[in-house]
Protein chains: 2
Amino acid sequence: MAGLAKGLAVLEAFGPETPRLTISDAARATGLSRAAARRCLMTLVEAGYLAFDEKFFTPTPRVVRLGAVYAEAVPLPQLAGPHLLALREALDESVSLAVMEGDESLFVARSEVSRVFSAGVRVGARLPLYASATGYVLLAGLDENALDAYLERVEMVACTPRTIVDPGRLRERIAQVREEGVAVSDEELEVGLFALAVPVRDSRGDMVASISVSAAAARLDVADFRDRCARVMRQHADQLGRQL
Amino acid sequence: MAGLAKGLAVLEAFGPETPRLTISDAARATGLSRAAARRCLMTLVEAGYLAFDEKFFTPTPRVVRLGAVYAEAVPLPQLAGPHLLALREALDESVSLAVMEGDESLFVARSEVSRVFSAGVRVGARLPLYASATGYVLLAGLDENALDAYLERVEMVACTPRTIVDPGRLRERIAQVREEGVAVSDEELEVGLFALAVPVRDSRGDMVASISVSAAAARLDVADFRDRCARVMRQHADQLGRQL
DNA sequence: AACTTGCGTTCGGATAACGAACACATGTAT
DNA sequence: ATACATGTGTTCGTTATCCGAACGCAAGTT
């Protein structure tokens with residue numbers, strides 16, 4: 001069913017940089033012909049997922065129902081909820097749950113603290129695996145073949161001066177994460193952003209997700225922060241893993 | 001594009017009660033033929049939105065990306081975020097933002113407190129308009145014709161003994177909400193659940209959403225709770241409205 | 001004013017979706 | 001044990017849908 005795949009691609013073409021699209025915009029973003037994009041957009045309007053004002057198409061709240069399907073149907077995000085809340089309270093920092101999705105880490109649940117400077121990551125956000133604490137953890141869960149393939153495949157572009165762009169160094173970092181059971185990202189994704197991540201492994205020992213904490217680097221001492229967070233994070237991650 | 005509409009219906013067939021579906025399940029839930037449902041499911045697997053284990057289909061994290069489209073592209077949920085966080089901190093209660101979607105109120109953003117008994121509503125959850133505080137508020141935003149049509153159209157089924165099932169009584173309640181600017185739901189949706197909601201109106205004065213607070217009825221005195229919350233909720237709702 | 005560029009829309013032809021019919025497994029009554 | 005009933009997933013020829021070249025239109029450019 002080609003129409004379905006194309007329609008979903010069109011829907012995913014909307015995002016932070018492209019909150020409203022014309023027919024031609026959508027065609028360009030998806031690689032479809034204008035005619036095909038038009039058919040998709042029209043259908044999505046008819047189905048209630050998009051609004052149209054004679055010029056631009058914009059997503060309607062209805063798409064939220066689509067996203068909720070995962071949180072409602074899959075155990076992981078449901079079971080993770082209370083742990084994220086508890087961690088947020090314990091650490092007084094924003095906490096996230098991410099899984100590997102393609103070559104990115106995808107945030108599927110989050111519990112935020114109220115801060116003036118809050119990180120821009122939200123549920124649905126994606127980060128490169130090679131440039132985030134959560135990504136290091138998820139990569140550490142791959143077997144050697146899969147990791148080799150990833151390192152071969154992916155093109156690493158620097159997000160900040162500290163971003164790891166060398167496959168060899170990334171491999172070292174991942175080895176370190178495997179050993180220590182915690183990943184640290186100190187301004188490797190974004191200047192001023194510090195993050196800590198731990199693995200969530202299911203009862204079979206397979207990596208299924210990563211719990212992470214992020215905070216403004218200026219606000220904290222790295223070693224202190226790590227000592228304060230790592231243990232309780234690992235406790236919750238392990239407990240969550242046992243529930244899966 | 002019939003295929004697209006059908007595929008989205010199939011995807012929405014997954015939910016809390018139906019976390020995994022066979023081909024026949026999906027066909028039943030959507031009214032499609034088994035063959036058509038199969039084609040949709042196969043395509044959704046190919047596109048990465050569903051996983052298939054030779055028997056059951058389940059949603060993958062990828063669908064989260066679809067839902068995020070709304071939060072990423074539309075101003076309302078983005079601007080609401082900080083207000084919800086601030087309200088949560090101020091009231092120490094879970095706070096939600098809901099909009100009208102068809103004949104239901106749809107939760108599009110939420111900020112939760114860590115509690116042993118936390119309400120089951122999450123982002124993406126839907127409640128009947130006639131049985132929730134947030135619903136009363138949203139209905140109060142309709143003009144007379146639209147409200148008449150709604151009362152005519154909808155079939156009100158009691159969620160609890162206190163649920164309003166009489167159109168006349170609902171109309172009274174809505175009039176009360178219009179006058180007071182706050183809606184109260186005391187165990188009308190769920191036994192033991194108390195909720196308070198205020199309207200969010202854009203700069204033109206049109207109702208666009210509702211901010212609500214819910215808590216276990218046992219924990220609080222209704223009048224106290226209302227006095228404590230209503231003012232600060234209205235402040236944030238008004239401020240949010242002005243930003244739209 | 002003539003041309004270029006980009007837009008949204010149309011329409012006959014190619015192609016993909018439809019559902020009746022099929023094959024298979026499982027449970028149930030004879 | 002056998003035959004039946006019911007549910008499942010899959011196939012294949014026909015039909016209806018989706019495709020994209022071609023079109024008309026508006027706005028900027030030469």
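A, B, ... follow the sequence lines: proteins, then strands. Residue 1 opens every chain. This is a predicted model, so every value here is computed, not measured.
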- Message: Does dC18(C) have its OP1 or OP2 closer than 4.0 Å to a side-chain nitrogen or oxygen of Lys6(B)?
- Response: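 For dC18(C), OP1/OP2 do have a side-chain N/O of Lys6(B) under 4.0 Å.
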What is the separation between atom [atom1] on [X] and atom [atom2] on [N], rounded to the nearest whole Å?
X	N	atom1	atom2	result
Asp53(A)	dG8(C)	CG	C1'	15 Å
Glu54(A)	dT9(C)	CD	C1'	14 Å
Met1(A)	dC19(D)	CE	P	12 Å
Leu4(A)	dA16(C)	CG	P	15 Å

- Task: Report the distance from atom CG of Leu21(A) to atom OG1 of Thr30(A), rounding to the nearest 0.5 Å.
- Result: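 Leu21(A) atom CG to Thr30(A) atom OG1 measures 9.0 Å (nearest 0.5 Å).
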- Query: Glu72(B): what forms a side-chain hydrogen bond (donor to acceptor under 3.5 Å, both in side chains) with it, not counting sequence neighbours?
  - Reply: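 If we apply the side-chain hydrogen bond (donor to acceptor under 3.5 Å, both in side chains) test to Glu72(B), skipping adjacent residues, there are no hits.
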For the [atom1] atom on [X], are there more than 12 heavy atoms of other groups (residues, nucleotides or ligands in this structure) within a distance under 6.0 Å?
X	atom1	result
Arg20(B)	CZ	no
Arg153(A)	CZ	yes
Arg115(B)	CZ	yes

- If a protein heavy atom is under 4.0 Å from the base, mark B; if only from the sugar-phosphate, S; if neither, -; do that for nucleotides 4-11 of chain D going 5' to 3'. ----BBBB
- Task: Could you tell me whether the side chain of Leu170(B) reaches within less than 4.5 Å of the side chain of Tyr150(B), counting heavy atoms only?
- Result: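 They are in side-chain contact.
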